[in-house]
Amino acid sequence: GAGVSQSPRYKVAKRGQDVALRCDPISGHVSLFWYQQALGQGPEFLTYFQNEAQLDKSGLPSDRFFAERPEGSVSTLKIQRTQQEDSAVYLCASSSKGRTRGTEAFFGQGTRLTVV
Amino acid sequence: SQQGEEDPQALSIQEGENATMNCSYKTSINNLQWYRQNSGRGLVHLILIRSNEREKHSGRLRVTLDTSKKSSSLLITASRAADTASYFCATDYNTNAGKSTFGDGTTLTVKP
């Protein structure tokens with residue numbers, strides 16, 4: 001596709017429910033990032049993949065959060081036993097190179113998760 | 001806490017005026033990027049400036065970087081109503097190869 005695609009766009013989950021958020025990066029992009037954006041704040045880093053390798057998961061807030069990118073393209077962010085504080089927009093971004101030199105990241109529209 | 005902090009938090013101007021937003025950060029960086037986010041949408045990359053650069057231009061956008069003061073500014077000239085959005089700076093540290101660290105943004109309103 002032309003850009004980074006995320007699905008679903010909106011998700012309402014009952015507290016305690018598990019959710020899975022999908023990201024389709026731009027074809028051929030090596031790097032993939034997940035960010036969490038609370039209302040009125042900037043995105044906060046969750047995790048980073050280079051191809052299928054998860055190189056940094058230091059931003060995942062708890063062990064209820066899990067991300068994978070098994071074939072180095074599509075990625076899934078899974079949140080188990082959702083809590084109200086998990087309500088946020090989850091943004092996925094991809095870039096064409098590894099990040100050691102800094103390259104432009106292309107963001108998807110995000111998934112707005114509301115936990116009720 | 002966020003690495004970058006934008007100033008001001010909110011800015012309201014008339015169409016045709018210039019808008020200046022500032023970003024300060026705390027530790028050494030590889031590069032700094034500016035993004036725009038329209039309400040309810042994803043982030044759009046505007047400009048990347050590397051730590052050895054002092055100024056970059058792109059159309060009506062001008063970005064400066066002062067590494068001695070650990071600050072950057074984004075200037076939008078001849079603003080338009082369509083420039084209304086939130087603007088974020090994002091820093092890439094020396095010490096990590098992956099993530100960008102975002103500030104909380106400046107909300108710009110351009111009145112027609």
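Order of the sequence lines sets the chain letters (A, B, ...), proteins ahead of strands, with each chain counted from 1.
Among B:R60, B:R36, B:K111, the one residue that satisfies the salt bridge (charged side-chain N to carboxylate O under 4.0 Å, His left out) test with B:D83 is B:R60.
Interatomic distance, CG of B:L32 versus CD of B:E53, reported as 11.0 Å (0.5 Å rounding).
Residue contact with chain B, scored on non-hydrogen atoms closer than 4.5 Å, involves the side chain of A:L91 exclusively. Only the side chain of A:Q37 comes within less than 4.5 Å of a heavy atom in chain B; its backbone stays farther off. With a 4.5 angstrom heavy-atom cutoff, A:T47 does not touch chain B via any of its atoms. For B:Q9, no part lies under 4.5 angstrom from a heavy atom of chain A.
Remark: the B:T67 side chain and the B:S51 side chain contain no N/O donor-acceptor pair separated by less than 3.5 Å.
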Kindly indicate, with the supporting measurements, whether the criterion side-chain hydrogen bond (donor to acceptor under 3.5 Å, both in side chains) is fulfilled by B:Y35 and B:Q37. CA-CA 7 Å; B:Y35 288 85; B:Q37 185 176 41; over 6 Å; no
